[in-house]
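These notes concern the structure reproduced below.
Side chains are part of it too, since the values below use all heavy atoms of this structure and drop only hydrogens, waters and symmetry mates. First the proteins, then the strands, lettered A, B, ... as listed; each starts at 1.
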Amino acid sequence: MIPAIRGTHDILPGEVEKWQYVERLARQLCDRFGYVEVRTPVIEREELFAKGTGETTDIVQKEMYSFTDKGGDRITLRPEATPSMVRAFVEHNLENALPSAKIFAMGPMFRYERPQKGRYRQFHQFDVEAFGIEDPAVDAEVIDLAWSLVSGLGIPQAELVINSVGCPACRPRFQDALLAAVKDDLPKLCGDCQRRATTNPLRIYDCKIPADQPIIDALPHSVDYLCEPCATHFTAVKGYLDAAGIPWRQSHRLVRGLDYYTRTTFEILGQTLGAQNALLGGGRYDGLVKTLGGADRTGIGFAAGLERLVLALPETAPIAATPRAFIVAIGEDGRAAAWTLLRSLRQAGLAAQMEFDARSVRAQMKRADRLAARVTLIVGGDELARGEITLRDMATGDQHAIAHDAIVETVRTYL
RNA sequence: GUGGGUGUAGCUCAAUGGCAGAGCACCGGUCUGUGGCACCGGUUGUUGCGGGUUCGAUUCCCGUCAUCCACCCCA
């Protein structure tokens, strides 16, 4: 046997229905909110992520699947969706080509990480992006879409956390204040925090070491250093969320691992996922479009982990099976008649199956039961002689002789 | 990339340094043309893979792969 690659998974029947349920609701919500689908390639130039996701991020530094192709180009399997969406927005001038530049995508992403619950090497994201709208209402709309997805799926105990990390005008002041505050206590912090202080100071807020918490609690908060426009923007976002009745919690410790975020950042956390508890995360990235060679346009979006949404789904998630008919054929004549009946039902738009091997009636009935067929159609010598088909209602056990010509329409009333 | 736990039938799990088991599932029968319930019978294994110790390893040891948990990171 040749096994699947580490950190990748086959999604089999029994599981795939949950995915379809999640994907269906995501598409419905996008349609309702006015976001249109864009499908971008799985492979991109390596530099797209180096510039877009950020050279200093762990994703770019150690998690990308990159290789040189036969033409000598550096290629990367996308580790996240946003840079591709920005590239497509710029490359196809979507702000003019579309009525509004609100787009979404779904598909596989790749990161070379150690797999664990909720974290895989090939994983799947539902990604939503809105370009060129600076008004805080769009921040709230994107968060509303995210919240509607999680609550619409019935995921229990989900929590929306928001923060504002400021903009290029005000963030340097905050970072200076943060570094100054950390400096004094740096020797008392854990090794990871000491490393973060030089590589990515904001991540100190992510530290879970109990001994570090008093020091971290005393560090400055980004929201206290916002410039006037950023503070006004953030207040407005919260106002829209309140007006929508969406519960949120503000946390100065919400820091996101990507370099491009400005102003609003948010996550929705699940309670049943273990350490990988972020169902989705996102925020505003007002400088990214320009960084990637486009005009100076704002952007905001989020990415949801489909594996994590599926994991967090409640037991009661409605997974509906298509009602179907099953044909039990007896004898060679019966099997020949069953084959034409099977095709008639399918041509009429009905779901129908039959047993292809010549097995006992009992075995065929068992198969019908296992397939959860609504009705079983029995085609044997007796029925053929009378020009009829026996229809058995599998729920009640009632059987009726139906004229051959009327069978398709009769079955339709059961399905 | 680091530390720890676990790998036995399709699934969930037993067992023992000496012939590898159960329940469920599957197949057949009781019921020669009728599912679910019941009973009877049957099939199913390179004990994850490779090496070592041993007369003998599924069991003990090492490596490796996978998986789970935590770190790290993030969806």
Side-chain angles (χ1 to χ4, degrees), chain A residues 1-9 12 14 22 53 57-63 78-82 106-128 146 149-150 190-193 195-196 199-200 203 206-209 254-258 267-270 273-282 301-312 326-331 334 355 357 359-384 390-399:
Chain A
M1 184 188 65
I2 302 168
I5 301 280
R6 180 177 205 187
T8 71
H9 293 281
L12 301 174
V22 171
T53 307
T57 61
D58 277 28
I59 290 174
V60 170
Q61 286 192 351
K62 52 191 188 191
E63 295 176 3
R78 60 182 183 193
E80 61 143 343
T82 301
M106 268 189 247
M109 307 292 156
F110 303 86
R111 294 183 199 171
Y112 191 84
E113 295 188 276
R114 181 121 168 211
Q116 70 182 70
K117 191 181 189 74
R119 189 175 79 180
Y120 312 101
R121 289 186 174 181
Q122 177 176 334
F123 61 104
H124 300 78
Q125 286 187 339
F126 165 52
D127 184 77
V128 172
L149 176 64
V150 171
C190 69
D192 281 328
C193 283
R195 179 178 51 78
R196 289 174 180 127
T199 58
N200 195 347
R203 293 222 72 87
D206 258 354
C207 180
K208 292 157 192 150
I209 306 291
L254 171 62
V255 289
R256 314 232 58 252
L258 308 182
E267 286 183 356
I268 294 180
L269 308 178
L273 294 171
Q276 309 301 321
N277 66 343
L279 290 164
L280 60 87
F302 71 85
L306 294 183
E307 282 83 357
R308 294 184 185 178
L309 291 173
V310 167
L311 274 171
F326 190 88
I327 304 173
V328 169
I330 303 162
E355 185 80 30
D357 291 319
R359 306 181 65 207
S360 70
V361 172
R362 176 183 164 76
Q364 294 184 66
M365 288 299 297
K366 281 188 140 178
R367 179 85 67 196
D369 187 56
R370 205 172 157 209
L371 287 167
R374 289 281 169 82
V375 293
T376 297
L377 308 176
I378 300 165
V379 186
D382 299 351
E383 287 82 0
L384 289 174
T390 299
L391 182 152
R392 179 181 178 87
D393 182 326
M394 294 299 278
T396 65
D398 295 339
Q399 295 196 175

task = Rounded to the nearest 0.5 Å, what's the gap from CD on A:E113 to CZ on A:R119? Could you check?
result = 4.5 Å
inquiry  = On RNA chain B, compare the nucleotides closest to A:K117 and A:E267; which residue's is nearer the 5' end?
reply    = A:K117
task = With heavy atoms under 4.0 Å as the rule, sort A:Y120 into base, sugar-phosphate or nothing.
result = base
query = When the distance from CD of A:E113 to P of B:rA70 is rounded to whole Å, what number comes out?
reply = 14 Å
query = Tell me: CD of A:Q116 to P of B:rC73, nearest whole Å?
reply = 12 Å
inquiry  = Just to be sure I understand: a Watson-Crick pair is purine N1 to pyrimidine N3 plus N6-O4 or O6-N4, both under 3.5 Å. Using that and G-U wobbles, which stems of three or more pairs involve RNA chain B?
reply    = B:1-7 with B:65-71, B:10-13 with B:21-24, B:26-30 with B:38-42, B:48-52 with B:60-64
ask   = Is there a donor N/O on one and an acceptor N/O on the other, under 3.5 Å, for the side chain of A:Q276 and the base of B:rA70?
value = no
Considering only nitrogen or oxygen atoms on both sides, find all protein atoms under 3.5 Å from nucleotides 6-10 of chain B and state each distance.
none

task = Could you check whether A:A303 gets within reach of a base, just the sugar-phosphate, or nothing at all, counting any heavy atom under 4.0 Å?
result = sugar-phosphate
request  = With P as the reference atom in both, quote the distance from B:rU47 to B:rC19 in angstrom, rounded to an integer.
outcome  = 14 Å
message = Just the rounded figure in Å: distance from C1' of B:rA75 to CG of A:L309.
response = 9 Å
key: A:Q61: partners by side chain to side chain contact (heavy atoms under 4.5 Å, CB included), with sequence neighbours left out   = none
message = Roughly how many Å apart are B:rA75 and B:rG4, using the P atom of each and rounding to a whole number?
response = 29 Å
key: Integer angstrom distance from the P of B:rU30 to that of B:rA9   = 33 Å
query = CD of A:Q122 to CD1 of A:I5: how many Å apart, nearest 0.5 Å?
reply = 10.5 Å
inquiry  = For A:H124, is there any backbone N or O sitting under 3.5 Å from a side-chain donor or acceptor partner on A:E307?
reply    = yes
request  = Take the protein atom CD1 of A:I59 and the nucleotide atom P of B:rC73, then report the distance between them rounded to whole Å.
outcome  = 12 Å
message = Between B:rU12 and B:rU46, how far apart are the two P atoms, rounded to whole Å?
response = 16 Å
message = Is it the case that over 12 heavy atoms from other parts of the model lie below 6.0 angstrom from the CZ atom of A:R121?
response = yes
message = Under 4.0 Å, counting only non-hydrogen atoms across every strand here, what does A:G331 touch: a base, just sugar-phosphate, or nothing?
response = nothing
message = Quick check: closest heavy atoms across A:A368 and A:T376, and the distance to 0.1 Å?
response = CB-OG1, 3.6 Å
message = Using OP1 and OP2 only, check whether a side-chain N or O of A:R6 sits under 4.0 Å from B:rA66.
response = yes
Integer angstrom distance from the C1' of B:rG29 to that of B:rU34 = 16 Å
message = Please report the distance, rounded to the nearest Å, between CZ in A:R114 and P in B:rA75.
response = 21 Å
message = Given 3.5 Å as the limit, does a donor-acceptor pair link the side chain of A:R78 with the main chain of A:P108, or not?
response = yes
task = Using a heavy-atom cut-off of under 4.0 Å over every strand shown, decide if A:G14 touches base, sugar-phosphate, or nothing.
result = nothing
task = Would you give a per-nucleotide map of nucleotides 32-45 of chain B, 5' to 3', where B means the base has a protein non-hydrogen atom under 4.0 Å away, S means only the sugar-phosphate does, and - means neither?
result = -BBBB---------
message = I'd like to know if the side chain of A:D357 reaches the main chain of A:R359, judged simply by a donor and an acceptor atom lying under 3.5 Å from each other, with no hydrogens or angles considered.
response = no
inquiry  = Using the P atom as the point on both nucleotides, what is the distance between B:rU67 and B:rC27, in whole Å?
reply    = 31 Å
query = Looking only at atom P, what distance separates B:rC62 and B:rU53, rounded to whole Å?
reply = 15 Å
query = Does any N or O donor sit under 3.5 Å from an N or O acceptor when you compare the side chain of A:R119 with the base of B:rC73?
reply = yes
ask   = To the nearest angstrom, how far is A:L254 atom CG from B:rA75 atom P?
value = 11 Å
request  = Measure from CZ on A:F110 to P on B:rA75 and round the result to the nearest Å.
outcome  = 16 Å
inquiry  = I'd like to check the ring-ring contact (aromatic ring centres under 6.0 Å, His included) partners of A:Y120; sequence neighbours left out, ordered by chain and number.
reply    = A:H9
inquiry  = Test of understanding: with side chain to side chain contact (heavy atoms under 4.5 Å, CB included), list the residues that count as partners of A:L384, not counting sequence neighbours.
reply    = A:D333, A:A337, A:V379
task = Check the side chains of A:Q399 and A:T390 for a donor-acceptor pair under 3.5 angstrom, ignoring hydrogens and angles.
result = no
request  = Report yes if the side chains of A:L306 and A:Q125 come closer than 4.5 Å at any heavy-atom pair, otherwise no.
outcome  = no
query = When you measure from the side chain of A:Q364 to the backbone N and O of A:A329, does any donor-acceptor pair fall under 3.5 Å?
reply = yes
ask   = What is the distance, rounded to the nearest whole Å, between atom CD of A:E63 and atom P of B:rG1?
value = 12 Å
Heavy-atom check, side chain of A:L279 versus side chain of A:V150, under 4.5 Å = yes
ask   = Starting at the 5' end of RNA chain B, which residue's closest nucleotide do you reach first, A:N277 or A:A363?
value = A:A363
query = How far does the P atom of B:rU59 sit from the matching atom of B:rC49, given to the nearest Å?
reply = 11 Å
ask   = Nearest to the side chain of A:P115, which nucleotide is it out of B:rU2, B:rC72, B:rU67?
value = B:rU67
